[in-house]
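Note that this is a predicted model, so its numbers are computed, not measured.
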Amino acid sequence: MQVRPMYLNIRLMLPVVISLWVLGAHFLRAGDVFVCLGLAVAPLLLCIKKSWAARTLQVALLGASLIWMQSTYQMLSTRLMMGDDWVRMFIIMVAVICFTLLSTCVFLHPEWEKKYGLKPE
């Protein structure tokens with residue numbers, strides 16, 4: 001069964017958009033409204049079919065993973081110091097980190113490599 005290209009693009013865009021918007025919500029909770037707005041509109045780069053746009057999003061998603069790792073470390077440290085339960089929080093944060101890292105990998109899809117000109121010829 002052949003997947004129609006439009007649905008394939010939506011399925012590939014969704015993890016990227018969700019990852020950026022979840023990070024935006026994280027910054028909004030911290031009070032960084034301008035960073036939140038930047039992350040809210042960052043998925044619009046997917047409309048630009050140039051390699052620099054795709055690479056910019058990949059770097060942003062890798063940076064997002066590092067931010068999630070730092071936040072996980074800080075929350076884990078705090079919970080351990082206070083003697084609170086930390087396992088559930090740790091599992092959730094590892095899932096968020098993995099989802100964000102996998103969102104970076106959608107640009108490795110052959111159709112997207114061709115669409116954004118990422119594959120060297």
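In the hydrophobic clustering of ILVMFWY residues, with side-chain heavy atoms under 4.5 Å counting as a link, Leu44 and Leu20 come out apart. Hydrophobic clustering, with ILVMFWY side chains joined whenever heavy atoms are under 4.5 angstrom apart, groups Val87 together with Met93. Hydrophobic clustering (ILVMFWY, side-chain heavy atoms < 4.5 Å, transitive): Ile48 and Leu12 are in one cluster. Using a 4.5 Å cut-off between side-chain heavy atoms of Ile, Leu, Val, Met, Phe, Trp and Tyr, with links allowed through other members, Leu102 and Ile18 fall into different hydrophobic clusters. Residues Val59 and Leu45 are members of separate hydrophobic clusters, defined by side-chain heavy-atom contacts under 4.5 angstrom among Ile, Leu, Val, Met, Phe, Trp and Tyr.
Partners of Leu108 according to the side chain to side chain contact (heavy atoms under 4.5 Å, CB included) rule, which considers only residues two or more places apart in sequence or in another chain, are Cys105, Glu113. Under the rule for a side chain to side chain contact (heavy atoms under 4.5 Å, CB included), the partners of Lys49 that lie at least two apart in sequence or sit in another chain are Lys115. For Leu62, the side chain to side chain contact (heavy atoms under 4.5 Å, CB included) partners are Leu101, Thr104, not counting sequence neighbours. With sequence neighbours left out, the side chain to side chain contact (heavy atoms under 4.5 Å, CB included) criterion links Thr78 to Met82. Considering only residues two or more places apart in sequence or on other chains, Arg79 meets the side-chain hydrogen bond (donor to acceptor under 3.5 Å, both in side chains) condition with none of them.
In this structure, CG on Leu66 lies 9.5 Å from CD1 on Ile97, to the nearest 0.5 angstrom. Between the CE atom in Met75 and the CD1 atom in Ile92 there is a gap of 9.0 Å [rounded to 0.5 Å]. The CG atom of Leu28 lies 11.5 Å from the CG atom of Leu23; values are rounded to the nearest 0.5 Å. Here the CH2-CG distance, from Trp52 to Leu57, works out to 9.0 Å after rounding to the nearest 0.5 Å. For the atom pair Leu37 CG and Phe27 CZ, the distance stands at 13.0 Å (nearest 0.5 Å).
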Step-by-step side-chain contact (heavy atoms from CB on, under 4.5 Å) determination, Val17 to Leu46
CA-CA 9 Å; Val17 173; Leu46 290 170; 4.2 Å; yes

For Val106 and Trp112, what are the C-alpha separation, side-chain angles and deciding distance, and is it a side-chain contact (heavy atoms from CB on, under 4.5 Å)?
CA-CA 8 Å; Val106 282; Trp112 271 32; 4.2 Å; yes

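Pairs engaging residues 61-73 under the side-chain hydrogen bond (donor to acceptor under 3.5 Å, both in side chains) rule: His26-Ser71 [sequence neighbours left out]. The ring-ring contact (aromatic ring centres under 6.0 Å, His included) analysis of residues 29-50, with sequence neighbours excluded, yields no pairs. Within the structure, side-chain hydrogen bond (donor to acceptor under 3.5 Å, both in side chains) pairs that include any residue of residues 13-24 comprise Ser19-Ser103 (at least two apart or interchain). Among residues at least two apart or in separate chains, there is no side-chain hydrogen bond (donor to acceptor under 3.5 Å, both in side chains) pair with a member in residues 80-96.
Between Val22 and Phe99, every side-chain heavy-atom pair lies at or beyond the 4.5 Å cut-off.
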